[in-house]
2 protein chains.
Amino acid sequence: MKTVLTKDLKDHIGKEVSLKGWIYNIRSSGKLFFLQFRDGYGYTQAIVSEKEVDDKVWKIAGELTMESSVELIGEVSKHPKKEEYELQVKEINVYQIAEEYPISKKDHGPDFLLDNRHLWLRSTKQLAIMRVRNTIINATYEHLNKENFIKVDTPILTPTSCEGTTTLFEVDYFEDDKAYLSQSGQLYLEAATMASNRCFDFGPTFRAEKSKTRRHLTEFWMMDAEAAFVEHEENMKIQEKLILYIVEQVLKNNKTDLEILERDTKALEKIKAPFPRMSHAEAVVKLNKMGSDIKPDEDFGGDDETNLTKGLDSPLFVDLWPRKIKAFYMKQSPDNPDLVLGSDLIAPEGYGEIIGGSQREDDYDILLKSMKDFNLDPKPFQWYLDLRKYGSVPHSGFGYGLERLTGWMCGTQHIRETIAFPRLINRLSP
Amino acid sequence: MKTVLTKDLKDHIGKEVSLKGWIYNIRSSGKLFFLQFRDGYGYTQAIVSEKEVDDKVWKIAGELTMESSVELIGEVSKHPKKEEYELQVKEINVYQIAEEYPISKKDHGPDFLLDNRHLWLRSTKQLAIMRVRNTIINATYEHLNKENFIKVDTPILTPTSCEGTTTLFEVDYFEDDKAYLSQSGQLYLEAATMASNRCFDFGPTFRAEKSKTRRHLTEFWMMDAEAAFVEHEENMKIQEKLILYIVEQVLKNNKTDLEILERDTKALEKIKAPFPRMSHAEAVVKLNKMGSDIKPDEDFGGDDETNLTKGLDSPLFVDLWPRKIKAFYMKQSPDNPDLVLGSDLIAPEGYGEIIGGSQREDDYDILLKSMKDFNLDPKPFQWYLDLRKYGSVPHSGFGYGLERLTGWMCGTQHIRETIAFPRLINRLSP
């Protein structure tokens with residue numbers, strides 16, 4: 001008997017097949033059991049009719065509980081009107097009758113659900129989010145490889161930090177040495193890009209931030225891309241193409257998942273190039289007009305980001321930021337050294353910043369001075385400065401946070417649901 | 001002027017193009033300069049002829065140093081006999097004349113090279129290794145997705161370890177809490193596989209091992225895959241297919257890189273299914289016959305692995321291991337509870353173990369007893385035990401170490417060269 005996946009049932013109408021998976025709900029009406037079945041690839045209803053099966057199978061059907069694991073054998077039929085497929089059960093082979101499942105239909109608090117994250121992952125919405133996340137990951141690899149980026153894994157254990165030291169996790173290394181968990185692989189990618197031309201990393205990053213907002217995790221996944229001979233304008237074009245490809249792939253591969261998540265897919269379908277764009281100075285003027293008291297040298301708050309994208313279909317690039325509120329490595333604007341050739345890409349619908357990027361300073365002396373301006377000791381960065389001595393070239397890069405991007409695609413504001421095992425200030429398990 | 005990549009020169013014969021990159025070597029013969037040019041995608045020779053260029057360009061050519069960054073404009077020509085392409089230079093635009101480059105043709109010691117890893121990455125062999133590694137990564141994503149595995153990122157910060165605690169890196173978490181850097185995401189994947197059916201992770205793992213052999217890194221990348229309803233035999237088939245696909249993709253995409261690495265590609269071309277296979281007991285008998293004094297309940301040493309694969313074209317599966325020298329979660333053989341349904345896949349040519357895998361114990365009581373037999377406190381593993389209460393199913397998985405696999409494909413025994421920024425017991429930088 002061929003075991004098929006629920007997602008392929010349409011190819012087996014009228015045939016007898018085996019399905020292996022779990023019962024996630026059960027209804028009965030006297031002489032019928034309606035088993036709601038899941039196998040990780042989709043969902044289907046399996047019908048056990050007292051008339052059609054022998055006594056042994058009917059008895060087993062009566063013993064099934066939520067999350068019991070089974071093989072169901074039966075004939076596939078199509079719903080007369082809808083694109084839905086059912087199984088008319090003939091046999092049931094039980095792997096395990098599950099004990100009473102702790103997660104029920106009733107509302108559980110977030111702590112209970114996070115304590116049971118190993119089981120909560122099985123819920124339709126949580127699995128849908130994982131599947132969208134998977135599409136984003138794969139779309140990123142596919143697209144970046146097509147665009148000639150190779151993956152270069154940057155180190156997690158680092159002696160220095162990229163941007164400040166207050167939010168670093170400290171690790172005991174050998175013989176009283178200390179290491180810090182990486183917050184960004186960017187500086188390392190800049191070294192690799194002088195070898196490979198274009199490269200990216202995609203791995204976990206860490207932030208020991210004592211923040212409990214819905215937007216913060218202590219461990220989250222970042223994708224950083226870096227490209228030689230690319231300047232500010234082209235850098236934004238590369239980001240735009242990547243986001244368009246990701247959105248296209250999510251819409252194509254995750255139709256059912258987005259339905260489960262009740263995601264307004266029209267909002268995603270409307271996204272198109274070119275993305276709107278304004279300078280930070282223009283954004284401040286716009287926000288002031290909307291009633292905000294943001295000053296010309298201030299970063300945006302979450303509300304500012306939401307207000308700026310109101311009425312926009314596509315993400316918004318904000319560029320030319322005040323140098324003093326951005327990182328030391330950003331290249332100064334040739335027109336105004338107080339501004340940098342950096343951009344934030346802000347998602348519509350209030351999902352906030354999804355990409356940060358910039359052209360990098362490629363002049364040794366300016367970079368060295370910049371480190372001093374930002375009170376950074378140049379010594380541990382000597383290797384990074386070296387890149388400006390041996391064949392420096394214009395280069396740019398950007399990074400996205402996978403959880404925020406997943407949250408945006410899925411339409412969920414709870415960042416903790418966009419990663420399988422979230423790590424928060426007060427949560428390290430399971 | 002269109003900037004093209006060296007790998008695409010064959011499509012531009014007779015045309016004028018721009019190349020952007022670095023000069024990695026220079027020869028001159030009176031009225032000619034031969035510039036060895038690299039752009040990260042390949043290598044080409046650019047010829048500057050005093051006769052053909054104006055004085056300004058000739059003068060610039062004379063000033064170029066190793067690793068100077070340039071745009072070269074000229075006409076593409078094909079070598080009359082070989083599949084090689086050259087550029088007849090007309091113009092040179094300099095980004096930067098490099099200072100004297102510290103890495104020369106002469107032999108440098110490994111410490112010097114590792115101190116200059118940010119520059120050493122530019123060397124032809126090092127970049128070739130990075131490119132092969134990239135192919136392995138991409139082939140893994142492609143193949144596993146085709147086989148219905150989704151990526152589920154498992155946590156790096158964990159409260160407990162998978163296998164023992166002596167080689168864990170400890171991290172200061174908030175408020176006097178301690179976290180440990182993950183050595184394997186497997187247990188977490190087992191939870192996810194009950195939701196998604198098949199899943200994999202691919203991320204950094206850490207081992208605080210005080211070992212300085214050429215096979216050890218403190219930070220390295222692991223790919224773990226896990227599949228529901230898969231038992232021991234099918235588990236090995238999945239591994240076999242994955243390895244075959246990776247080898248095929250490396251041979252297809254990295255021809256030039258393997259040439260640069262002087263890799264004997266015939267050894268890779270010979271690999272085919274089915275892979276040879278023997279039990280651990282058979283392996284011990286064979287080794288004893290070869291003169292080894294290995295005992296029936298001992299793990300292999302490096303020499304044992306090399307001896308076992310002598311004369312084999314394909315990797316060797318060794319399965320049915322003594323339970324007491326393997327991990328607690330491996331399923332006991334139905335024929336002999338002292339053996340487990342686990343397998344090691346050993347690469348030919350002395351490259352050692354590349355995959356470890358097993359069917360997992362899916363019975364609650366046996367697993368609990370196993371933890372006690374291995375002196376593990378079941379309490380932090382309660383969530384893992386839960387998976388055997390709520391719809392337990394047969395399931396199996398395996399993991400490969402990216403650096404070892406890269407070392408095998410590239411034909412290098414120095415594991416530290418298979419990762420961009422290696423972390424060793426005495427090395428945290430750059």
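Atom set for the values below is all heavy atoms of this structure, side chains included, hydrogens, waters and symmetry mates excluded.
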[X] (side chain) donor-acceptor with [Y] (main chain) under 3.5 angstrom:
X	Y	value
B/Arg423	A/Leu157	yes
B/Gln96	A/Val393	no
B/Asn134	A/Lys151	yes
A/Asn197	B/Asp39	yes

**Item:** Residues forming a side chain to side chain contact (heavy atoms under 4.5 Å, CB included) with B/Ser18, sequence neighbours excluded
**Value:**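 Scan of B/Ser18 (side chain to side chain contact (heavy atoms under 4.5 Å, CB included), adjacent residues dropped) gives B/Met1, B/Thr3, B/Lys20, B/Glu71, B/Ile73.
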**Request:** Output all residues satisfying side chain to side chain contact (heavy atoms under 4.5 Å, CB included) with B/Ala195, sequence neighbours left out; order by chain, then residue number.
**Result:**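 For B/Ala195 the side chain to side chain contact (heavy atoms under 4.5 Å, CB included) partners, ignoring immediate neighbours, are A/Leu121, A/Arg122, A/Leu127.
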**Asked** Please walk me through it: do A/Leu428 and B/Asp177 pass side-chain contact (heavy atoms from CB on, under 4.5 Å)?
**Response** CA-CA 9 Å; A/Leu428 256 178; B/Asp177 209 353; 4.0 Å; yes
Chain A contact via [X] - which portion, at a heavy-atom distance below 4.5 Å:
X	result
B/Ala179	both
B/Leu424	backbone
B/Leu181	side chain
B/Glu219	side chain
B/Thr154	backbone
B/Arg198	both
B/Gln382	neither
B/Phe202	backbone

Would you mind telling me which of [options] has the largest number of heavy-atom pairs within less than 4.5 Å of chain B?
options	value
A/Val171, A/Val94, A/Asn148	A/Asn148
A/Lys7, A/Arg117, A/Met194, A/Glu170	A/Met194
A/Val152, A/Asp172, A/Asp153	A/Asp153
A/Gly203, A/Pro422, A/Ala420, A/Pro394	A/Pro394
A/Gln126, A/Arg388, A/Met66	A/Arg388
A/Ser69, A/Ser68, A/Pro204	A/Ser69

**Request:** Indicate the ring-plane relationship of A/Phe421 and B/Tyr188, choosing parallel, tilted or perpendicular according to the 30° and 60° boundaries.
**Result:**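 A/Phe421 vs B/Tyr188 ring planes: perpendicular.
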**Request:** Could you pull out the closest heavy-atom pair between A/Trp383 and B/Pro430, with the gap in Å?
**Result:**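 Nearest pair, atom of A/Trp383 first, then B/Pro430: CG-CB, 3.5 Å.
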**Message:** Minimum heavy-atom separation for A/Ala98 and B/Gly391, please, with both atom names.
**Reply:**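 Answer, listing the atom of A/Ala98 first, then B/Gly391: CB-N, 3.6 Å.
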Side chain from CB out, backbone as N, CA, C, O: work out which of these in [X] comes under 4.5 Å of a heavy atom of chain B, or both, or neither.
X	result
A/Thr193	backbone
A/Ala228	side chain
A/Leu119	side chain

**Item:** Residue A/Lys146 excluded, over 12 heavy atoms near NZ under 6.0 Å
**Value:**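 Count over threshold, so yes.
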**Prompt:** Considering heavy atoms only, which positions within residues 135-145 of chain B lie below 4.5 Å of chain A?
**Reply:**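 Near chain A, by residue number: B/Ile137, B/Asn138, B/Tyr141, B/Asn145.
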**Request:** Supply the atom-to-atom distance B/Ser182 OG to A/Ile156 CD1, rounded to the nearest 0.5 angstrom.
**Result:**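 Reported value, rounded in 0.5 Å steps: 11.5 Å.
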**Request:** Quick one: pull up CD in B/Glu67 and OG in A/Ser392 and give me the separation to the nearest 0.5 Å.
**Result:**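 Going from CD on B/Glu67 over to OG on A/Ser392, the span is 12.0 Å.
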**Prompt:** Considering residues at least two apart in sequence or located in another chain, which fulfil the ring pair (Phe, Tyr, Trp, His ring centres under 6.0 Å) criterion with B/Tyr364?
**Reply:**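 In terms of ring pair (Phe, Tyr, Trp, His ring centres under 6.0 Å), with neighbours along the sequence ignored, B/Tyr364 is linked to no residue.
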**Item:** Validation row: B/Thr218, A/Tyr173 side chains within 4.5 angstrom (heavy atoms)
**Value:**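 They are in contact (side-chain heavy atoms under 4.5 Å apart), so the answer is yes.
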**Message:** Can you confirm if the aromatic rings of B/Trp22 and A/Phe229 lie within a centre distance of less than 6.0 Å?
**Reply:**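 Close enough - the centres of the two rings lie under 6.0 Å apart.
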**Asked** Given the side-chain rings of B/Tyr390 and A/Trp120, with only the six-membered ring counted for Trp, is the space between their centroids under 6.0 Å?
**Response**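 Not under 6.0 Å, so no.
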**Message:** Counting heavy-atom pairs under 4.5 Å with chain A, which one of B/Ser123, B/Ala192, B/Cys199, B/Pro102 comes out on top?
**Reply:**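 Winner by heavy-atom pair count: B/Pro102.
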**Asked** Based on non-hydrogen pairs under 4.5 Å, which of B/Pro155, B/Gly21, B/Ala191 is most in contact with chain A?
**Response**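 Result: the option with the highest number of such pairs is B/Pro155.
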